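Keep in mind that this is a model prediction, so the values were computed, not measured. Order of the sequence lines fixes the chain letters, A, B, ..., with proteins taken first and strands second; residue numbering starts at 1 for each chain.
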Protein chains: 2
Amino acid sequence: MPKSSNSAHKKTTVSPPERREELLAIAAQVFAAQGYNATTVRKIADAAGILAGSLYYHFDSKESMLDEILSGFLDELWARYDAVLGAGLGPRETLEALVTESFREIDRHLDAVAIYQKESRHLGTRPHFAYLVESQQKFEKAWLGTLERGVAAKVFRADLDVRLTYRFVRDTVWVAASWYRPGGRHSPEEIARQYLSMVLEGIALHDS
Amino acid sequence: MPKSSNSAHKKTTVSPPERREELLAIAAQVFAAQGYNATTVRKIADAAGILAGSLYYHFDSKESMLDEILSGFLDELWARYDAVLGAGLGPRETLEALVTESFREIDRHLDAVAIYQKESRHLGTRPHFAYLVESQQKFEKAWLGTLERGVAAKVFRADLDVRLTYRFVRDTVWVAASWYRPGGRHSPEEIARQYLSMVLEGIALHDS
DNA sequence: TAACCTACCAAACACTTGTTAGGGAAGGAG
DNA sequence: CTCCTTCCCTAACAAGTGTTTGGTAGGTTA
């Protein structure tokens, strides 16, 4: 899982993670709001109250900012996913834990998730961002495997296309980043609870 | 519903909808693949086998191409939605019809849907694209209304937050544009059937 | 005081961007 | 043959792009 953090610090600069993190958060905010390509380094600098060239004291390039934002997010996400997947839970409990951790991650790294949603597809073609598709493959293996385990254990329906189900579940969870706002009406855990109830039990009312 | 087509032809050019449509389809393809801002007019021209300046014989600007693609898509979508909403169906049947029409629309206008998904949020802030948020509000009214009707008629569960359910359902349907490919394993109708089965009945297996 | 490091500014660079102006080849109409 | 329309090219433009270079104010260390 250190595979997904591939750039970031090139010299062993042990000291300066202070102003750097601040600027990264600002950049993530602008990236998420305007889109990566539509965001100019001057807009980021404006939001930070400095001039464009000053950003290059802290970062190698505009792309390296994006890289650090995305790889940092994926590193944390996989740390939590791996903890869930290694806990030896049953299929249903694993699904519930993955969904809950996903909504928590949206709550914590909203901007990074929004950027990932918008840009990962066409960034994945670039060799430098190959870790995005690696992560996506690992992602598919974890979720699809959990669903298949559930079908085999007869806790999930067998008459649905598993791959279709996987896509529906995956997308619905992560697209929440487009409307979720931290501090809103529902906590991440409450959203996860309602979502799981919908996906597991369905929204139809049965009279039996 | 003609509210959403606001630009397009400005003079009453009755004749030339031929090469124009061809170029629009090419532009939509490149926009969908690379993102609007990352797409240069030279890339579109390359894909069409002409030079950048030649595009301006057919279109006023790069933005007007985007405008025509999106408004054309929304016009067709709403024609079909209005037909469904005016058919006097029950809540469950209305939901099923809306979902099915949505997947059909993804099948037909895949590029436009993909562009809409990626760009509508930050385009909506621009006054020229105000019809995007108008459409989204109308969209919410239709879907949310259907869900609420279903709760009142006791065909949908009452213990779920209706607005959350609306967002989940809406997103899952439209995000399918990011993985759906026409001519693939499943037809739009089959995808709609499976999706509705999942959302209505749930994926959990009950032993009663 | 002197040397040094951090975090920034000022100004420019080479390049890409969307867009425009004028011209020209091809073909149908009179 | 001439006129006109359709569709495209050549060549350039002004503005904006990411990035670099050299300098500097202020604080810390010796």
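- By the 30° and 60° cut-offs, the orientation of the rings of B:Phe73 relative to B:His109 is tilted.
- For A:Arg20, no side-chain nitrogen or oxygen approaches OP1 or OP2 of C:dA7 to under 4.0 Å.
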Donor-acceptor pairs under 3.5 angstrom involving side-chain atoms of residues 192-204 of chain B: please list them, not counting sequence neighbours.
{"residue": "B:Arg193", "atom": "NE", "partner": "B:Glu190", "partner atom": "OE1", "Å": "3.4"}
{"residue": "B:Arg193", "atom": "NH2", "partner": "B:Glu190", "partner atom": "OE2", "Å": "3.4"}
{"residue": "B:Gln194", "atom": "OE1", "partner": "A:Asp161", "partner atom": "N", "Å": "2.8"}
{"residue": "B:Gln194", "atom": "NE2", "partner": "B:Glu190", "partner atom": "OE2", "Å": "3.1"}
{"residue": "B:Tyr195", "atom": "OH", "partner": "B:Val169", "partner atom": "O", "Å": "3.3"}
{"residue": "B:Ser197", "atom": "OG", "partner": "A:Arg157", "partner atom": "NH1", "Å": "3.3"}
{"residue": "B:Ser197", "atom": "OG", "partner": "A:Arg157", "partner atom": "NH2", "Å": "2.7"}
{"residue": "B:Glu201", "atom": "OE1", "partner": "A:His206", "partner atom": "NE2", "Å": "2.7"}
{"residue": "B:Glu201", "atom": "OE2", "partner": "B:Arg92", "partner atom": "NH2", "Å": "3.4"}

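- In this structure, B:Leu66 atom CG and C:dT19 atom P are separated by 12 Å, rounded to whole Å.
- Under the 3.5 Å distance criterion, with hydrogens and angles disregarded, no donor-acceptor pair is assigned to the side chains of B:Trp174 and B:Ser102.
- Under the 4.0 Å criterion applied to side-chain N and carboxylate O atoms, A:Glu140 and A:Arg170 are not assigned as salt-bridge partners.
- For the pair A:His58 and C:dC8, the criterion of a side-chain N or O lying under 4.0 Å from OP1 or OP2 is met.
- The distance from atom CD of B:Glu18 to atom P of D:dT5 is 18 Å, rounded to the nearest whole Å.
- Taking atom CD of residue A:Glu22 and atom C1' of nucleotide C:dT6, one finds them 15 Å apart after rounding to whole Å.
- Residues from residues 33-57 of chain A placing a heavy atom under 4.0 Å of any atom in DNA chain C, listed by number, are A:Gly49, A:Ile50, A:Leu51, A:Ser54, A:Tyr57.
- Between A:Tyr81 and A:Phe139, the ring-plane angle classifies as tilted under the 30° and 60° cut-offs.
- With hydrogens and angles ignored, the 3.5 Å screen pairs a side-chain donor or acceptor of A:Lys62 with a backbone N or O of A:Tyr36.
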